[in-house]
Each structure stands twice: as structure tokens, then as C-alpha cells.
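The first residue of the sequence shown is numbered 1, and numbering continues consecutively from there.
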Amino acid sequence: SYSPSTLPSGTPTTNVSDGPSQSPSGTPNMTPSSTPSGAPVGVPSTTPSVVPSTTPSSNTPSTTPSVNPSVVPGHPTKEPSASLAPSYSPSTLPSGRTNIIQSAPPSSSLVGLSNALQLSQQNGVTFSSSAIPSQSPSVTPKRIVGSTVLPSTQFCEPLSANTNTCSASDSEPFCRPYRQTDHCAFQDSFLSLIRNRKDTYTSDPLSLRSGGYWYDLIDDKLGGKLFAEEENIASPALKYCSANIFNGLDSFVPPASGGFVVKAVGFHSNKGIFVLPQGFDSIELLSGKVMSKADVQDALVASRAARVIIEDYVSGESPNTLPNEYKFHMFNGTVGSIVYVSNPGTPCACFAELDPSWNRIDNEGCFSPGNGPVTNGQCIHIDRTKKQPKQMKGMDLCSSVPPLDPSLLVKLTTTAQTVSQRVGVYMRVDMFVSNGSPIIGEFTAGHTGGKVHCSAPIDKTTGCADSCHLGKLWSGNGGTLSHGGPSTALPTSLVGFSDATWEQKCATKMASIKSP
């Protein structure tokens with residue numbers, strides 16, 4: 001690493017930058033009698049441009065150099081261009097556990113959706129070589145572990161070691177999110193706005209109609225079915241409905257083949273839902289028990305449900321499973337965030353909150369509304385002193401989220417935007433996927449009843465966790481603040497819907513359904 005201050009007489013006269021073309025033919029017969037007192041003055045200022053072609057096989061120096069070189073040979077002086085990153089995610093998910101989210105950003109409007117296939121560089125990944133493939137490899141690589149994907153244990157209580165049989169390549173419960181109080185201004189408090197809107201349309205539904213609003217009608221499961229059919233948006237086919245909860249299933253004739261789902265109307269979070277892939281007298285997926293028609297009927301009565309519908313069963317990736325869910329918070333065509341539910345109805349069920357480009361935004365835990373605005377410097381104050389670990393609808397946060405095929409993300413986004421622009425106001429559009437295409441599950445006007453959300457992207461300017469961003473989208477959505485957006489024309493299929501009794505609604509709908 002240094003040269004003696006007095007050069008041996010046999011030192012080559014060639015400039016050192018040219019580098020030797022081969023190893024020395026002989027070994028020096030002596031070493032300097034004393035160690036130089038300081039750093040050599042003749043150290044080259046740049047890395048040799050020519051590396052020796054061979055390495056001496058013996059005579060390793062007996063002492064350790066006292067001066068390190070200022071430049072390490074062989075290391076590039078700059079990172080390769082980001083343009084050399086892979087241009088899209090593999091279409092087949094790797095089998096190994098991932099701890100990094102790969103981005104597949106969709107546009108926030110229908111006009112720009114064609115650009116969504118141009119993926120951004122993968123979050124947290126840097127490349128140490130210029131030999132980066134320009135397309136997805138033919139053999140799926142192992143995904144890189146990144147520190148930005150797993151929810152922060154500062155705001156989420158890790159679960160004990162899992163003893164379940166969750167797939168190593170899929171999401172699994174990782175931690176229980178802390179429920180914290182944020183202090184957004186009322187007009188920016190997403191949960192406060194939801195509560196206020198619910199109070200409005202439950203206390204005076206006629207005021208909605210006079211203002212041109214009808215979002216409450218598709219919050220009803222039957223109304224949502226009628227709306228989806230009119231708009232030619234795929235949803236599970238309706239097989240039956242009844243307002244006779246005590247023996248309403250008596251007249252239901254199950255299809256000769258294929259399963260179905262029994263849903264009590266007016267409930268959320270899987271309450272009053274019975275998933276029967278093989279029909280009655282077989283395993284009901286949510287309970288894991290064999291249930292007969294009488295068992296389901298008794299359970300409906302016990303739940304105090306007043307109405308019931310039955311629709312086709314749509315399978316998950318494997319037979320006799322439920323499909324993963326994609327719940328889009330929508331504001332007149334703009335995606336606020338996406339709630340992803342993995343392995344629903346199993347011990348491995350978990351959720352994650354993501355932005356429109358499929359990047360996680362749940363690293364700050366979950367939030368309940370407080371009085372505001374209260375600020376902490378440039379940030380809205382989040383009271384983390386009374387944080388409590390609580391599940392979201394019986395689920396914990398996922399360990400990791402598999403990258404989503406960009407074309408599927410475009411399809412899901414397009415469907416959600418189509419619905420949202422038709423509705424106008426804030427609405428959560430819940431979907432799942434069958435044969436590569438989105439299927440509408442239901443429409444939800446009141447996310448968690450205004451109790452909790454887990455969406456807090458980091459503001460790029462201030463560095464603040466912005467738990468108010470969904471509320472800001474609400475207040476900037478036009479129309480009136482109390483409804484969360486502009487009014488739109490009432491769908492033909494819902495004309496008179498709020499005036500008819502449930503028996504009349506069912507009779508009208510059942511008349512259009514062919515017998516199985």
C-alpha cells in the first residue's frame with residue numbers, strides 16, 4: 001500500500017498508471033532496513049487503470065501497511081442509472097418470503113391509466129452492477145428483503161411466534177396495530193366526516209333525495225346489486241332474497257351444482273354471512289363447521305337479522321377458499337388508499353393499507369379521531385401516549401404484501417373509478433378477483449362506522465405522518481362537506497327503491513331471476 005521513500009534501483013521507469021503487464025519474475029532479495037516515518041509522497045492520485053493480470057504466488061509482505069489507500073480499486077464511483085432497473089414485476093410470485101413492496105403505480109384518473117404499466121423503480125432496492133436485466137427473468141428471482149415494508153414495531157405490537165400453517169410465500173399476521181388518537185381539523189378528519197354523514201342520512205334520509213344524493217341506497221346489499229347490474233359491473237349473481245327471517249330459507253331451492261353465500265342484510269365485517277362452497281350440509285368456510293339449512297336459519301334468527309339475500313359463491317385461488325379482498329377508498333374517481341385483506345376466513349387472515357401505487361402506508365399504526373386541529377410543529381398532533389394494540393375487524397397487520405400484477409392493479413383501479421365517478425361522493429368500493437377480473441363484493445358508505453383507519457402516508461415535504469389525508473380528499477371532493485362529494489343522477493334501477501318495502505323489492509327482483 002506504500003512505496004519506500006528511496007526507490008530500489010530496479011524499480012521500473014514506466015509510469016505507475018500503466019500498471020505492470022505481468023507478475024515480477026523474481027523476488028526482491030532484501031527489505032528496507034527501516035520503516036518510513038510518514039505517509040509516502042508518491043502515492044498515485046487515482047486508481048491504476050490497468051490491473052495486473054496475475055497475482056504473485058508467494059512472498060507476501062511480512063508487515064501490515066500503516067497507510068491505507070485513499071481509493072479502493074475496483075469499486076464504481078457512482079450508482080448505475082435508475083433506468084437500468086427492471087421495467088416490470090415478475091408475473092409469477094416468488095416462493096420466498098418478501099419484505100419489500102414492488103411498485104406498480106396506476107394513474108389517479110382514467111385518462112392516465114394506460115401509463116400504469118410503466119413501473120417505478122422498486123422501493124428500497126439499489127443495484128451494484130450495471131448488468132441489470134431489462135425485462136423480467138425467465139426464472140423468478142428471490143425477492144429482496146427491505147426494512148421499509150414490515151410495519152414498524154414502534155406503532156404495532158409484534159405477535160408471538162406463529163404456530164399456524166400460513167404459506168411462506170404469502171402474507172400472514174405480523175403485529176397488532178396500536179390505536180392512536182389524531183387531531184385533524186374536522187373538515188380533514190376522515191372518521192369524523194363519516195360519523196357526521198351517517199348521522200345525517202340515518203336521521204333524515206329524505207334530505208339526501210332532495211339534495212340529489214342516493215349513496216345510502218347502494219350501501220344496502222340488494223340496492224348495490226341492482227346498481228352493479230345496471231352499470232354492467234360484474235358481481236356475484238343474486239339467487240334469492242327474503243324478508244321472512246324466521247323461515248325465509250324454506251322456499252330457497254339450492255342450485256344443482258356450485259356453492260352459494262347467505263348474507264344477512266344490514267351487517268358488516270362478515271357478521272351474518274355463511275359461505276357454503278358445496279351447499280348445505282357441508283363445511284361453512286367462516287366457522288369451519290358443517291351447516292345444514294336449518295343451522296343457517298337458526299343462526300340468522302339468533303343474529304336478529306331482518307332480511308337476507310343469497311348469491312353465487314366465488315372461489316379464491318384454491319377450491320373451497322375465499323378470495324383476497326381489495327377495498328378502495330374512492331373520492332369521485334380519485335383513489336385515497338387500498339385496504340388489502342389476505343387469506344380471509346382463515347387463521348392466516350390479515351390486512352394492509354396501501355397507496356394507489358401499491359406501497360404500504362400503514363407503518364404508523366391506526367387512528368381514531370380526536371378534537372382538532374392540534375399541531376406539533378408542522379405536523380398534526382398524534383397522541384401516542386395512550387396507544388393500545390387492537391385488531392381491525394378481527395385482523396392484525398400483515399407481515400408483507402405480495403407485489404400485484406400491474407395489469408390487475410389497472411383493472412381494479414379502473415373498476416373502482418368507474419363506480420366512484422358514477423356515485424360522486426366518497427364510497428368504499430370492495431372487490432375481489434376471479435379469473436383475472438375484478439368482481440364487486442359490495443359498496444360501503446361508512447368505513448368501520450367512523451371508528452378507525454390505518455392510512456398515514458409520509459408527507460414528502462414535511463416528513464409528517466399524514467393521517468388526515470383521506471379527510472383532505474373528502475373535503476376537496478366538491479359538493480357539500482356533509483356528503484363528501486357532488487350529487488349525481490339517480491340510477492334507473494333505484495327509482496322508488498327507498499319508498500318500497502323489502503318484500504316489494506324482493507318480489508320485483510325475484511320475478512326477474514330464473515329458477516335454478
Side-chain angles (χ1 to χ4, degrees), residues 148 150-158 175-203 327 329-332 334-339 351-356 359-393 395-397 425-428 444-485:
T148 60
L150 290 178
S152 170
T153 54
Q154 183 179 359
F155 309 117
C156 194
E157 185 173 278
C175 62
R176 189 152 297 167
Y178 289 130
R179 191 78 57 87
Q180 304 151 114
T181 303
D182 63 6
H183 293 275
C184 306
F186 174 78
Q187 68 270 17
D188 296 334
S189 175
F190 177 57
L191 299 173
S192 297
L193 292 166
I194 283 179
R195 292 180 181 183
N196 181 69
R197 186 170 80 168
K198 185 177 181 180
D199 290 344
T200 298
Y201 75 73
T202 54
S203 62
K327 304 182 179 186
H329 290 294
M330 298 301 303
F331 302 85
N332 196 20
T334 298
V335 182
S337 65
I338 306 167
V339 180
F351 79 98
E353 191 110 4
L354 304 107
D355 69 11
N359 301 304
R360 292 189 78 159
I361 51 175
D362 54 14
N363 291 329
E364 299 288 325
C366 298
F367 308 93
S368 293
N371 295 324
V374 179
T375 58
N376 182 6
Q378 297 185 73
C379 306
I380 287 295
H381 177 58
I382 298 174
D383 185 357
R384 303 188 189 273
T385 60
K386 300 178 181 179
K387 59 187 181 183
Q388 295 180 325
K390 289 186 178 182
Q391 291 183 317
M392 166 84 87
K393 296 185 175 181
M395 293 182 293
D396 295 304
L397 279 174
V425 302
Y426 163 76
M427 182 67 69
R428 200 185 76 200
T444 304
H447 177 69
T448 70
K451 295 177 181 178
V452 61
H453 78 85
C454 307
S455 175
I458 302 300
D459 187 291
K460 295 180 180 179
T461 302
T462 64
C464 301
D466 188 6
S467 60
C468 311
H469 87 109
L470 292 178
K472 293 173 184 175
L473 288 173
W474 179 302
S475 60
N477 196 29
T480 60
L481 183 66
S482 60
H483 295 297

List in chain and number order the residues that pass salt bridge (Lys or Arg N to Asp or Glu O under 4.0 Å) with Glu353, two or more places apart in sequence or in another chain; answer none if no residue qualifies. none

Qualifying side chain to side chain donor-acceptor pair (under 3.5 Å) pairs, either residue in residues 369-378, two or more places apart: none

Note, Leu473 side chain near Phe190 side chain (heavy atom, < 4.5 Å): no

With Lys387 via side chain to side chain contact (heavy atoms under 4.5 Å, CB included) - residues at least two apart: Tyr178, Gln180

Residues in side-chain hydrogen bond (donor to acceptor under 3.5 Å, both in side chains) with Ser482, at least two apart? none

Check the pair Met392, Cys454 against side chain to side chain contact (heavy atoms under 4.5 Å, CB included), reporting the backbone distance first and the verdict last. CA-CA 9 Å; Met392 166 84 87; Cys454 307; 3.4 Å; yes

Contacts of Thr461 meeting side-chain hydrogen bond (donor to acceptor under 3.5 Å, both in side chains) (sequence neighbours excluded), chain-then-number -> none

Please list, chain by chain and in numerical order, all residues satisfying side chain to side chain contact (heavy atoms under 4.5 Å, CB included) with Leu193, sequence neighbours excluded. Phe186, Trp474, Leu481

Taking only residues two or more places apart in sequence or in another chain, which ones pass side chain to side chain contact (heavy atoms under 4.5 Å, CB included) with Ser189? Cys184, Ser192, Pro369

Check Tyr426 against Ala445 and note the closest heavy-atom contact, atom names and distance. CE2-O, 3.7 Å

Counterpart residues, salt bridge (Lys or Arg N to Asp or Glu O under 4.0 Å), relative to Lys472 (two or more places apart): Asp466

Applying ring pair (Phe, Tyr, Trp, His ring centres under 6.0 Å), can you list everything that pairs with Phe155, at least two apart in sequence or on another chain? none

Identify which one of Pro177, Ser467, Pro389 satisfies the side chain to side chain contact (heavy atoms under 4.5 Å, CB included) criterion when paired with Cys366. Pro177

List for me each residue that meets ring pair (Phe, Tyr, Trp, His ring centres under 6.0 Å) alongside Tyr201, sequence neighbours excluded, and say none if there are none. Tyr215

Under 6.0 Å between the ring centres of His447 and His453? no

Looking at Asp355 and Ile338, what are the two nearest heavy atoms and their distance? O-CD1, 3.8 Å

Applying salt bridge (charged side-chain N to carboxylate O under 4.0 Å, His left out), which residue pairs with at least one partner in residues 176-200 are found, sequence neighbours left out? Arg176-Asp396

Just to verify, what does His183 make a side-chain hydrogen bond (donor to acceptor under 3.5 Å, both in side chains) with, not counting sequence neighbours? none

